[in-house]
Amino acid sequence: MNSSRPNAIRTASIGWVIFTVIGEVIYLLLAPILAANGAIPVVASQRLADAYTIMYIFTIAAIPVFTLVVTFVGYAIYAFWNKGRPTEDGPAITGNARLQLTWILISIALAGFLYVVGFQGLAAIQASPQSNAIVVNVTGEQWLWNYSYPGYKNAGSTTLMLPINHQILFRIHSIDVQHSFWIPELGVKEDAVPGEINQATITPTRLGTYQVRCMELCGIYHAYMNTPVEVVSMSDFLSWVQAQPPVVAPPSAYVLPSLSAPVALVGVGKSS
Ligand SMILES: [Cu+2]
């Protein structure tokens, strides 16, 4: 039995290489097809493009690890299947210092690589905004989003209008409960927290109409808290923003709702 072990490792290793190549080829062929058919949101911002690149690299790096585990476990089950009850103990397991050291070093290299790539992506997302970024104040409330553009006489709207190829700085907060400001196609998802302002920057790179969704369960109409986002040309944006009425007093202070007087919901728990 012992003499067959080196052969078993060689056979399983060959299987691993073959399955890895097959896995990588399937992924590289399938990923663009799935993306083109709406399996993942279309890329409408640089931020989402960066996130997809990281996901792509991580998946390519993960496939050999996955096939290694599956091939060796599968091969061991197949090759060392004991038909009937064993009549004696199996051979003693001894250490293999070279194999262990190799595997530890490969693990460290893989984890280190993912760490560096991941933190580079995080740094890009969290980089300070450009000085000419267009500021959009985003205010969540049950159950809609309000926007105001402080750089344009505080123009206000419930539709989010963004110019293409220009950096946007969202300043996100909420006036009642926690919401989460999510635009899948633009790769932004940031909590809207009462009493706090969260920031996120994006640069839209694709014209079109998308949806802002709320990503934090925030009450009975949470599921309907979707509003349109439009990415338009800079000239269309400017003529639109100049036609919007200013927001007189942008909600800034957060007042805790009294627990004895819950917010009235239409048709729910009506008491008087
Ligand atoms: Cu919400």
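We count ligands from 1, going down the list as the structure has it; atoms in each ligand are counted the same way. These values consider heavy atoms only, across backbone and side chains, with no hydrogens, waters or symmetry-generated copies.
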Enquirer: Step by step, would you call Phe19 with Tyr75 a ring-ring contact (aromatic ring centres under 6.0 Å, His included)?
Expert: CA-CA 12 Å; Phe19 286 131; Tyr75 185 81; over 10 Å; no
Enquirer: Just to verify, which of Ile54, Thr59, Ile60 counts as forming a side chain to side chain contact (heavy atoms under 4.5 Å, CB included) with Tyr56?
Expert: Ile60
Enquirer: If I take the Cu ion (ligand 1) as the centre, what angle separates the SG atom of Cys214 from the SG atom of Cys218? Nearest 10 degrees is fine.
Expert: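 Reported to 10°, the angle equals 140°.
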Enquirer: Hey, is there an N, O or S on His222 sitting under 2.8 Å from the Cu ion (ligand 1)?
Expert: no
Enquirer: Considering only N, O or S atoms, which atom of His179 is nearest to the Cu ion (ligand 1)?
Expert: ND1
Enquirer: Is the distance from the ring center of Trp143 to that of Tyr224 below 6.0 Å?
Expert: no
Enquirer: Specify the closest pair of heavy atoms between Val232 and Phe237, including all atoms of both residues, with the distance to one decimal.
Expert: CG2-N, 3.7 Å
